[in-house]
Number of protein chains: 2
Amino acid sequence: MTQSFRDKLHGEGYRLTRERQVILSFLETAKGHHDAVEIHQRLRINGHRISLATVYRTLNLLAELKAVERLCVEGQPATYEINGADQEGRPHHYHLVCSVCGRVMDMDPGSLGASMQKLEEKLPQTYDFRATGHQLTFFGVCDRCASS
Amino acid sequence: MTQSFRDKLHGEGYRLTRERQVILSFLETAKGHHDAVEIHQRLRINGHRISLATVYRTLNLLAELKAVERLCVEGQPATYEINGADQEGRPHHYHLVCSVCGRVMDMDPGSLGASMQKLEEKLPQTYDFRATGHQLTFFGVCDRCASS
DNA sequence: ATTCGTGCAAAACCTTTGCACTTAT
DNA sequence: ATAAGTGCAAAGGTTTTGCACGAAT
């Protein structure tokens with residue numbers, strides 16, 4: 001649990017509860033994409049009795065504070081991933097989504113990242129649209145599913 | 001209503017019903033992003049009594065046949081847009097989503113389209129992932145919302 | 001002490017589905 | 001005639017919310 005998270009909470013008038021610490025810790029350790037129900041169940045297995053409603057409320061809060069990133073994929077519940085870098089509104093990676101099993105993987109933007117950011121800045125000229133971020137997702141078949 | 005749509009329907013053993021024609025016609029005329037409930041209501045206003053269930057079933061079918069494109073945006077119902085070009089699995093445009101009002105606009109991929117396609121082809125080398133398509137969405141503030 | 005967070009259960013919301021009836025082929 | 005599509009109402013899954021209780025400040 002980073003100090004900056006505590007600060008952000010306090011800065012906005014939120015409280016540092018046990019539930020919020022537990023959920024954030026879980027995401028820091030689990031290091032992948034997890035939906036609310038999954039998080040709820042795995043916390044329960046680890047002996048934590050946090051209600052599903054609180055898991056949802058906490059994930060919304062963490063997403064708002066940009067402590068986690070929310071990803072919405074068609075036909076699946078929203079998934080949440082810890083936000084490593086503490087950058088402001090800049091997506092630090094893209095996603096690969098397997099159309100067969102639904103698994104979500106991270107992808108390094110590489111040199112593409114800079115081009116996309118430039119594009120983002122040039123958007124207003126053409127479309128009268130002030131972009132604050134973007135999201136790039138590739139769909140396809142992951143290694144596991146390809147080999148079976 | 002394109003001939004190719006009729007052919008596609010028949011080719012897969014589907015029937016050309018009045019409901020399907022009406023829904024497709026609506027999307028051809030409306031030319032934007034529309035969700036199921038909105039389509040249902042506007043058809044109703046135009047005197048068509050098509051059930052919401054049929055609207056959903058038809059949109060699923062049209063999406064499967066790639067006659068329309070489905071777009072899922074966080075916190076909003078799925079929207080559907082007529083698929084102009086009859087290309088196979090290749091996204092022909094990207095999206096601008098206004099974070100304030102939720103409006104979705106189309107964006108011409110321009111030269112980016114080719115780079116992205118190349119990237120898609122190179123993905124397996126790095127990530128062991130066979131990509132079949134991708135989706136790029138910019139978030140920000142649209143002209144209408146910026147001026148108010 | 002006060003304000004905010006939590007748990008529970010109920011609701012909201014979008015979407016799908018079972019079944020009997022209707023329609024396209 | 002037959003198989004597929006439709007409408008209705010009910011259920012499904014995900015997420016939010018009202019309210020009374022509990023906990024952090």
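Remember, predicted model here, so these are calculated numbers, not experimental data. Each chain gets a letter, A, B and so on, in the order the sequences are listed, and its residues count up from 1.
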*asked:* Nearest whole Å is fine: how far is D/dA1 P from B/Arg15 CZ?
replied: 15 Å
*Minimum-distance nucleotide to B/Ala53 side chain [options: C/dG7, C/dT15, C/dT17]*: C/dT17
_Presence of B/Thr17 side-chain N/O under 4.0 Å of D/dT6 phosphate oxygens OP1/OP2_ = yes
*asked:* Counting only heavy atoms not in B/Arg70 (residues, nucleotides, ligands), do more than 12 fall under 6.0 Å from its CZ?
replied: yes
_Over all strands shown, is B/His10 touching base, sugar-phosphate only, or nothing at heavy-atom distances under 4.0 angstrom?_
sugar-phosphate
*Kindly say if A/Ser51 contacts the phosphate of C/dT6, meaning a side-chain N or O under 4.0 Å from OP1 or OP2.*
no
_Rounded to whole Å, please give me the gap between CD in A/Glu12 and P in D/dT25._
16 Å
_If you only use heavy atoms from C-beta on, which nucleotide in D/dG5, C/dC14, D/dT6 is closest to the side chain of B/Tyr14?_
D/dG5
*Can you check whether any acceptor in the base of C/dA24 is under 3.5 Å from a donor in the side chain of B/Arg18, or vice versa?*
no
_First encountered from the 5' end of DNA chain C, between B/Leu52 and A/Arg49_ = A/Arg49
*Tell me what A/Asn60 touches on the nucleic acid: a base, only sugar-phosphate, or nothing, going by heavy atoms under 4.0 Å.*
sugar-phosphate
*Answer yes when A/Glu38 and A/Arg42 have at least one side-chain N-carboxylate O distance shorter than 4.0 Å, and no when they do not.*
yes
*Rounded to whole angstroms, how far apart are CG on A/Leu61 and P on D/dT16?*
13 Å
*Tell me what A/Arg57 touches on the nucleic acid: a base, only sugar-phosphate, or nothing, going by heavy atoms under 4.0 Å.*
base
*Ignoring backbone atoms, test whether B/Tyr56 places a side-chain nitrogen or oxygen under 4.0 Å from the OP1 or OP2 oxygen of C/dT15.*
yes
*Taking the six-membered ring for Trp, are A/His34 and A/Phe26 parallel (under 30°), tilted (30 to 60°) or perpendicular (over 60°)?*
perpendicular
*Once you round it to whole Å, what is the distance between P of D/dT14 and CD of A/Gln41?*
10 Å
*asked:* Between C1' on D/dT14 and CD on A/Glu74, what's the gap in Å once rounded to a whole number?
replied: 15 Å
Between side-chain atoms of residues 136-148 of chain B and protein atoms elsewhere (two or more places apart, or another chain), which donor-acceptor pairs fall under 3.5 Å?
residue, atom, partner, partner atom, Å
B/Asp143, OD1, B/Arg103, NH2, 2.7
B/Ser147, OG, B/Asp143, O, 3.3
B/Ser147, OG, B/Arg144, O, 3.0
B/Ser148, OG, B/Arg144, O, 3.4
B/Ser148, OG, B/Cys145, O, 3.4

_What is the separation between atom CG on A/Leu16 and atom P on D/dT25, rounded to the nearest whole Å?_
6 Å
*Report the relative orientation of the aromatic rings in B/His33 and B/His95; use parallel for angles under 30°, tilted for 30 to 60°, perpendicular for over 60°.*
perpendicular
*Nearest-angstrom distance from the residue atom CD1 of B/Ile39 to P of C/dC14*: 14 Å
*Round to a whole Å and report the spacing from CZ of B/Arg20 to C1' of D/dT6.*
10 Å
